[in-house]
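These notes concern the structure reproduced below.
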Amino acid sequence: MLRVKLFAAVLFAAIGMAGCFGGGGGRYVIGESKAFEASLYRQNCAICHGPEGDGKTLDDGTVVPSLREGNFKAVNDGQIYNQIANGGNGMVGFRRQLSERELRLLVDLVRRDLRGQ
Ligand code: HEC
């Protein structure tokens, strides 16, 4: 039993390291970023999209999409901005809570840091 656990530990460590070294530069970690837009994300978006933007299912059954991968509905800056500002389909809009600059910083975070585009 101990051997199995040990094997599993080594395996996960190896997968973890592959994740760090592969993919050119690695994954942007919102939780470790000191950027202002990362803190905006943590305060406003993490509750639905998850701490790292991987998406999740809410208690009421709403399926919140990953902001990192999948078939995006909002494919360009204008559409991403529109979704964040106005919301829709289960998402609240942030036009009233956030400034124009903050909305634009979040568009950049989604496109550049999370999607790598
Ligand atoms: C109340 C939960 C909730 C909060 C809070 C929330 N979202 Fe969403 N978000 C959703 C849901 C649900 C969708 C899917 C909407 C749809 O399918 O049209 C979505 C969709 C999106 C999309 C479009 C994804 C695509 O497919 O292209 C973006 C971008 C996005 N959210 C960014 C944000 C950002 C940035 C914040 C923080 C400012 C945020 N969201 C806060 C629930 C939320």
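Counting starts at 1 for both ligands and their atoms, following the listed order. Only this structure's heavy atoms are used, side chains among them; waters, hydrogens and symmetry mates stay out.
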Closest non-hydrogen protein atom to [atom], residue and atom name please, with distance?
| atom | result |
| --- | --- |
| atom 27 (O) of ligand 1 | Ala74 N, 2.8 Å |
| atom 41 (C) of ligand 1 | Phe94 CE1, 3.5 Å |
| atom 17 (O) of ligand 1 | Lys73 NZ, 2.7 Å |

Problem set entry | Proximity winner for atom 15 (C) of ligand 1, if only heavy atoms of Val92, Ile80, Asn89 are counted | Asn89
Problem set entry | side chain to side chain contact (heavy atoms under 4.5 Å, CB included) between Arg111 and Asp108, intermediate numbers included | CA-CA 5 Å; Arg111 191 208 352 90; Asp108 287 346; 2.9 Å; yes
Which of the numbered atoms in ligand 1 are below 4.0 angstrom from a heavy atom of [X]?
| X | value |
| --- | --- |
| Leu106 | 38 (C) |
| Arg115 | 25 (C), 27 (O) |
| Gly88 | 15 (C) |
| Thr62 | 12 (C) |

Side-chain contact, heavy-atom cut-off 4.5 Å: [X] with [Y]?
| X | Y | result |
| --- | --- | --- |
| Asn89 | Lys73 | yes |
| Arg68 | Glu52 | yes |
| Phe72 | Gln79 | no |

Exercise. Okay, side chain of Lys34, backbone of Ser39: is any donor-acceptor separation there less than 3.5 Å?
Worked result: no
Exercise. Counting only protein N/O/S, how many atoms fall short of 2.8 Å from atom 8 (Fe) of ligand 1?
Worked result: 2
Heavy-atom pair with the smallest gap, counting every atom of [X] and [Y]:
| X | Y | result |
| --- | --- | --- |
| His49 | Met91 | NE2-SD, 4.1 Å |
| Arg42 | Ile30 | NH1-O, 2.6 Å |
| Tyr41 | Leu67 | CE1-CD1, 3.8 Å |

Exercise. Is there a heavy atom in Glu102 that sits closer than 4.0 Å to ligand 1?
Worked result: no
For this session: Given side chain to side chain contact (heavy atoms under 4.5 Å, CB included), test Tyr28 with Arg112 step by step and report yes or no.
Result: CA-CA 10 Å; Tyr28 179 85; Arg112 179 194 61 214; 5.9 Å; no
For this session: Applying side chain to side chain contact (heavy atoms under 4.5 Å, CB included), run through Arg115 and Ile80 and close with a yes or a no.
Result: CA-CA 12 Å; Arg115 298 183 182 178; Ile80 296 171; 3.7 Å; yes
